[in-house]
K.L.:
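Right, I'll just put the structure down here and ask away after.
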Amino acid sequence: MPDSRGTSCISITTSVESRRPSERPMHKRSCGELRAVDAGARAELSGWVHRRRDHGGLVFIDVRDHDGITQIVFAPQELQAFAIGESLRSEDVVRVRGAVRRRPAGTENPRLPTGEIELAVDEAELVSRSLTPPFPITGDEDIDESLRLRYRYLDLRRHKMQRNLRIRHRIVKAMRDYFDDHHFLEIETPDLIKSTPEGARDYLVPSRLHPGTFYALPQSPQILKQICMIGGLGRYMQIARCFRDEDPRADRQPEFTQLDVEMSFVDEDEVLEIMEGCMRFVWRRVLEVEPPAFPRLSHAEAMRRFGSDKPDLRFGLELADVLDAFRESEFTLFRRLTEEDGHRIVALRYPGGASLSRREFDALTETAKSFGALGLVHVSFTNDGVRSPIAKFLSAETAQALAHATGAQTGDAVLLVGDASARASDIAGKLRLELGDRLGLRSTADFAFCWIVGFPLFERDPESGAITFAHHPFTSPAPGQERLFDTDPLAMRALHYDMVLNGYELGSGSIRNHRPEVQRKIFQLLGLSQLEIDERFGFFMEALQYGAPPHGGMALGVDRIAMIACGEPNIREVIAFPKNQAFRDMMMDAPSPVPKGQLDELSLRSTTAVQATAAGTT
RNA sequence: GGCGUUGUAGCUCAGUUGGUUAGAGCGCCGCCCUGUCACGGCGGAGGUCGAGGGUUCGAGCCCCUUCAACGUCGCCA
C-alpha cells in the first residue's frame with residue numbers, strides 16, 4: 001500500500017511537470033506557437049486582448065500570452081462567438097477555439113512570428129473582464145514610474161518587462177548550471193541572524209519570544225559562507241538576498257540579490273578564474289557573445305589611467321599625466337602644482353573638441369565644477385594653430401607636449417585638470433565618462449569586463465581620520481604584508497579583487513583570514529576591544545580555532561548584472577517588484593503602520609505617531 | 001538630509017509678454033464598416049492645470065509654502 005501511494009504521487013508530479021506543448025491536449029496552444037504548418041488543425045488559445053480591429057462584419061483580435069501574439073478572427077456566421085468577439089476590450093481575458101488557417105494571400109503579417117496564420121473562432125468564452133487599464137500595455141512608450149509601480153501587475157504584462165525577467169531568469173539559471181558543473185553546492189543561509197554592526201546599517205526584526213532582543217537581516221551571508229568552509233563544505237554558492245538599511249540612491253534597493261560564492265584551499269588566481277569563467281559562460285549562453293579575457297589592472301593603475309576604481313573599458317581616451325610639461329610654465333596656477341608633491345595635472349583628449357564654441361566650453365567647465373573641479377583648462381588644436389584661454393602662457397613646446405601625451409590631432413581639444421592627485425584623478429575620470437557619452441562610445445551592446453586587484457587592506461576614514469577596512473574585515477593581507485601591521489598598516493595590500501563591467505562594479509571578493517591571530521589583529525587595528533570582538537564575533541573567532549581551511553570567494557550583484565545585460569539604465573527594470581526611490585512599495589503601500597496589539601506582542605512602542613490607517617487601527 | 005528636473009484629460013504631451021470658452025495625439029463611449037494588423041469614417045464624453053496661500057482688474061503662466069515622482073550628491077563590508 002505505501003508503495004502504490006508513493007508511486008501515484010510520483011506519477012502525478014511527473015505528469016504535471018512534463019506537460020510540454022506536444023503532450024498537452026492536441027488543440028491547446030500558446031499564443032506564440034502556431035505556424036503555417038499548423039493550418040487545418042483545431043486549436044484552443046487563451047490570453048489577453050492585446051488589440052482589437054472591429055470591421056463591423058469581421059472582428060480581428062490580437063490575443064497575447066507569455067509566449068507571443070496570435071491574430072484571431074470572429075465572423076458573423078458564428079453567432080455566439082461573434083457576440084463575444086464584438087464585446088471584447090483591452091486586457092479582457094478570453095479563451096477561444098477554432099480552426100487554424102493560413103491567412104488569405106497578401107494579408108500575412110511578417111512582423112509577427114505567427115503572422116502567416118490566424119485562428120477562425122467558432123467557440124469563445126469571456127473568462128475575465130478588465131477595467132480600462134490606467135496605461136497602455138501595448139507599445140513601449142515611457143509611462144510615469146509611480147503609475148507603473150502602483151499597477152505593477154499590468155506593467156509586468158508589457159513586452160519589455162517580460163523580456164527582462166526572462167533574461168534575468170536565464171542568467172540565474174546559467175549561474176546555477178555553471179557552479180553545479182564545477183561541483184559547488186547551493187546552500188541556503190538564514191535570513192534571521194545576529195547583528196554585526198559593521199559597514200552598513202542592519203534591518204532589525206524584533207523577537208516576540210525574547211522580548212527586547214532582535215535578529216538582524218543579513219547584509220550579506222559573509223560570515224555564514226565562511227563558516228560553511230570551516231564546516232568542510234568545500235565549494236559553496238547561493239543566489240542570496242541581502243538587506244541593507246542605507247539611504248536611497250538611484251541604483252539601490254533595500255533588498256537585493258547576490259551571486260555569493262566561497263571556495264576552500266584556493267588562492268586569488270583560482271577564484272578569479274572560476275568567477276571569470278562563470279561570467280563568460282553566462283554571456284555566451286544568454287547573450288550569445290564571447291567577451292574577451294578580462295584584463296587585470298591594479299587599483300593604482302586604474303586610478304592613474306582611467307581616474308576610477310571601476311573603469312569603463314569600452315573606450316580609450318585614457319588620462320595622460322602632463323605635470324612635467326608645466327614645470328617651467330608661465331601659467332603659474334599649474335606651475336605651482338609642480339612645485340610640491342602629491343599633485344597631478346591630467347590631460348584628456350576630446351576628439352573633435354576644437355570645434356566647440358566658447359559657450360560650449362563654459363558649459364563643460366560647469367560640468368567639471370559639478371564634479372568638484374576648481375576650473376577646467378581647454379586647449380584646441382585647429383588649422384589656424386593652438387587656441388586656448390591660456391594661450392599666452394603656452395609655449396609651443398608645451399602645446400606640443402600636450403598633443404604628444406594625449407595623441408591629440410588637429411581638430412581635437414585637450415582638457416586639463418590640475419589638483420591634488422586623488423581629486424584630479426576623480427574629476428578627470430568623470431570627465432572621461434562625460435566625453436564617452438558625448439561621443440557615443442558607451443553602447444549598451446558592448447561589454448568590457450575587467451578585474452581590479454591590489455587594493456589596500458585599510459584606508460583612512462576621511463572624516464574621523466580613523467583606520468577602517470577598505471573591503472571588509474575578513475579580507476586577508478597579501479603575502480608578506482603582515483610585518484606592516486605594527487609599522488604602517490595603511491601601506492598593506494590586500495588579497496581583494498573587484499569585478500568591473502562597463503564602469504559598474506559588479507562585486508568584490510577576497511581571500512579571507514583563516515588564521516585566528518591575523519583576524520584578531522585586524523579587528524584590533526579597526527579599534528575593537530577584546531570585549532567587543534567577543535560579543536560581536538566570538539562565535540566566529542571560536543570557529544576559526546577548530547582547523548579553518550584557507551578560503552576565499554566573491555559576491556556579484558545579480559540585479560546589476562541583469563540590468564547591464566538587458567541594456568537598462570536602472571535595476572528597477574529587472575526586478576519584478578521593486579521599491580521606489582524612497583524605498584516604498586507603491587503597490588502594497590509598505591512600509592505601513594501595524595495594529596497596536598502587534599507591537600505589544602513584540603514588546604515594542606513607537607516613539608513616532610503615525611496616522612493610523614484602517615488596517616493599522618484594527 | 002542638500003541640490004536639480006518634472007507635475008495640465010485615463011496615457012503621452014503642447015499651452016506665446018499674465019487676458020475672454022485650456023488644446024493635440026492615443027485611449028474611452030455611441031453609430032457605421034467583411035481582410036485589418038498603430039484598421040478606417042462620423043459623433044460624443046472627459047480638466048480642482050499636484051495641494052495651500054499670496055501678488056494682480058485678471059494666474060495653467062509670477063511669488064511663497066507644501067506634497068509626490070524621477071535624477072544627483074552625502075551615505076553605502
Side-chain angles (χ1 to χ4, degrees), chain A residues 50-63 69-77 82 85-86 89-91 101-112 114-115 118 120 130-151 154 196-202 218-223 226 242-254 256 258 367 370-372 430 455 457-459 461-463 468-475 494 496 498 505 507-510 512 522 526 554-555 557 569-570 572 579-582 584 586:
Chain A
H50 190 66
R51 277 206 177 85
R52 95 192 143 100
R53 293 176 292 280
D54 184 347
H55 287 231
L58 204 58
V59 179
F60 299 94
I61 303 279
D62 291 337
V63 186
I69 290 175
T70 301
Q71 171 170 290
I72 65 176
V73 189
F74 293 88
Q77 295 76 13
F82 188 75
E86 272 191 313
R89 295 295 183 269
S90 292
E91 299 309 307
R101 68 180 182 213
R102 292 195 74 113
R103 297 192 188 186
T107 66
E108 301 89 351
N109 184 349
R111 290 164 55 199
L112 279 183
T114 60
E118 63 193 6
S130 173
L131 298 173
T132 301
F135 55 84
I137 311 304
T138 58
D140 55 0
E141 65 180 335
D142 285 340
I143 306 294
D144 181 75
E145 193 155 0
S146 56
L147 255 193
R148 294 177 55 201
L149 293 177
R150 173 151 173 239
Y151 298 96
L154 297 179
T196 53
E198 296 292 333
R201 243 176 255 109
D202 284 325
Q219 295 179 27
S220 84
Q222 179 63 35
I223 289 183
Q226 288 190 241
C242 306
F243 306 86
R244 293 180 194 173
D245 187 9
E246 287 307 317
D247 286 347
R249 267 301 269 287
D251 209 25
R252 197 179 289 168
Q253 290 275 310
F256 57 96
Q258 284 189 341
T367 303
S370 75
F371 297 151
K430 288 173 175 163
F455 283 84
L457 184 61
F458 300 108
E459 52 192 32
D461 187 297
E463 281 168 27
T468 178
F469 42 81
H471 175 43
H472 62 49
F474 312 107
T475 299
H496 164 206
D498 279 2
E505 184 195 319
S508 55
S510 62
R512 329 296 186 185
I522 287 175
L526 294 171
M554 180 149 209
N570 193 305
R572 290 188 296 265
K579 291 168 180 56
N580 73 0
Q581 198 184 197
R584 298 193 62 86
M586 302 192 75

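Throughout, a chain's letter reflects where its sequence line sits, starting with A, and its residues are numbered from 1. Please read these numbers as outputs of a predicted model, since none were measured by experiment.
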K.L.:
Classify the side chain of E145(A) versus the base of G71(B) as yes if they form a donor-acceptor pair under 3.5 Å and no if they do not.
P.N.:
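Looking at the base of G71(B), it does not pair with any donor or acceptor on the side chain of E145(A) (distance under 3.5 Å).
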
K.L.:
My understanding is that a pair needs two contacts under 3.5 Å, Watson-Crick or G-U wobble. By that rule, which nucleotide pairs with A24(B)?
P.N.:
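Answer to the pairing question: U12(B), which forms a Watson-Crick or G-U pair with A24(B).
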
K.L.:
I want to verify a distance call: between G35(B), G30(B), C76(B), whose nearest atom is closest to the R89(A) side chain?
P.N.:
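Ranking G35(B), G30(B), C76(B) by closest atom to the R89(A) side chain puts G30(B) first.
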
K.L.:
Indicate, with a heavy-atom threshold strictly under 4.0 Å, whether Q258(A) touches base, sugar-phosphate, or nothing.
P.N.:
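Answer is nothing: Q258(A) stays at 4.0 Å or more from every strand.
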
K.L.:
When the distance from CZ of R148(A) to P of G10(B) is rounded to whole Å, what number comes out?
P.N.:
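So the CZ-P distance, R148(A) to G10(B), works out to 20 Å.
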
K.L.:
Within the structure, does a side-chain N or O atom of R53(A) lie under 4.0 Å from either OP1 or OP2 of G35(B)?
P.N.:
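For G35(B), OP1/OP2 do not have a side-chain N/O of R53(A) under 4.0 Å.
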
K.L.:
Are side-chain heavy atoms of S146(A) and Q581(A) found at a separation under 4.5 Å?
P.N.:
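The answer is no; the side chains never approach within 4.5 Å.
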
K.L.:
Between C76(B), G35(B), C70(B), which nucleotide has the shortest distance from any of its atoms to the side chain of P104(A)?
P.N.:
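Out of C76(B), G35(B), C70(B), the nucleotide with an atom closest to P104(A)'s side chain is G35(B).
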
K.L.:
Can a donor-acceptor pair under 3.5 Å be found between the side-chain atoms of R572(A) and the base atoms of G71(B)?
P.N.:
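Under the 3.5 Å cut-off, the side chain and the base do not form any donor-acceptor pair.
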
K.L.:
Measure from the side chain of N580(A), starting at C-beta and using heavy atoms only, and say which of C70(B), C39(B), G35(B) lies closest.
P.N.:
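The nucleotide sitting nearest to the side chain is C70(B).
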
K.L.:
Between D144(A) and R101(A), which has a closest nucleotide on RNA chain B that is more 5'?
P.N.:
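Upstream on the strand: D144(A).
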
K.L.:
Who does G4(B) pair with, Watson-Crick or G-U, both distances under 3.5 Å?
P.N.:
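Answer to the pairing question: C70(B), which forms a Watson-Crick or G-U pair with G4(B).
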
K.L.:
Spell out yes or no: do the side chain of R51(A) and the base of C39(B) have one donor N/O and one acceptor N/O closer than 3.5 Å?
P.N.:
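There is none.
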
K.L.:
Any carboxylate oxygen within less than 4.0 angstrom of a Lys/Arg side-chain nitrogen, looking at D247(A) and R252(A)?
P.N.:
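Salt bridge between D247(A) and R252(A), a charged N being under 4.0 Å from a carboxylate O: no.
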
K.L.:
Ignoring hydrogens and angles, does a donor from either the side chain of D247(A) or the base of G74(B) sit under 3.5 Å from an acceptor on the other?
P.N.:
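Present.
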
K.L.:
Rounding to a whole Å, what distance do you find between D251(A):CG and C73(B):P?
P.N.:
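To the nearest whole Å, that distance equals 11 Å.
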
